[in-house]
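Okay, so here's the structure we're looking at.
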Amino acid sequence: MILCESALSGAQITGLIMFTLGAFSLLRGLQIRFAEVPYFVVDYRGWSSPPLSLPFGGVFGIGLCVQAFEIYLPTWILEINALIVIPSCSNA
């Protein structure tokens, strides 16, 4: 029997999924970027390329999941997260 207080909410499950995808994207992007001959060089045509954007998307994905666990995290982690996420979401 699962107690209601100990069950994960939908936001926390989504946060775990976002953290997993963000961490994978960040690690894979850094692996591609710092390879001996980077993979994006072969077919790079001057526009944005997915391998170049993977690390940035990974950091943003990890930043999105922080809000689901804000009651468990120290304040300084939330402040660093605000420096990353808030400017990225503005329309200015």
Side-chain angles (χ1 to χ4, degrees):
M1 182 170 129
I2 297 176
L3 297 175
C4 291
E5 292 84 21
S6 65
L8 292 175
S9 69
Q12 290 174 334
I13 292 172
T14 304
L16 287 174
I17 292 170
M18 289 299 295
F19 179 80
T20 304
L21 292 175
F24 176 75
S25 175
L26 177 64
L27 293 176
R28 183 68 180 137
L30 290 176
Q31 180 184 16
I32 290 172
R33 190 174 207 148
F34 293 114
E36 190 169 323
V37 177
Y39 297 120
F40 67 87
V41 173
V42 177
D43 55 355
Y44 182 67
R45 302 286 184 253
W47 295 91
S48 62
S49 67
L52 280 174
S53 65
L54 276 175
F56 302 105
V59 168
F60 190 72
I62 291 171
L64 286 176
C65 77
V66 169
Q67 298 304 324
F69 301 102
E70 66 183 346
I71 58 174
Y72 305 113
L73 297 173
T75 306
W76 64 272
I77 292 179
L78 297 174
E79 291 171 355
I80 292 173
N81 183 50
L83 293 174
I84 298 169
V85 174
I86 291 175
S88 301
C89 295
S90 67
N91 292 329

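Numbers here simply count residues along the sequence, with the first being 1.
Nearest heavy-atom pair across S25 and G57 is OG-C, 4.3 Å.
The line from CZ of F24 to CG of L54 is 8.5 Å long, rounded to the nearest 0.5 Å. Between Q12 atom CD and I71 atom CD1 the span is 6.0 Å, to the nearest 0.5 Å.
Under the side-chain contact (heavy atoms from CB on, under 4.5 Å) criterion, L27 pairs with no residue at all, not counting sequence neighbours. Applying the side-chain contact (heavy atoms from CB on, under 4.5 Å) criterion to L30, with sequence neighbours excluded, gives L26, F34, P55.
Hydrophobic clustering of Ile, Leu, Val, Met, Phe, Trp and Tyr side chains at less than 4.5 Å, counting indirect connections, unites F69 with I80.
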Listing, residues 14-23 side-chain donor-acceptor contacts under 3.5 Å, not counting sequence neighbours, or none:
from, atom 1, to, atom 2, distance (Å)
T14, OG1, G10, O, 2.9
T20, OG1, L16, O, 2.8

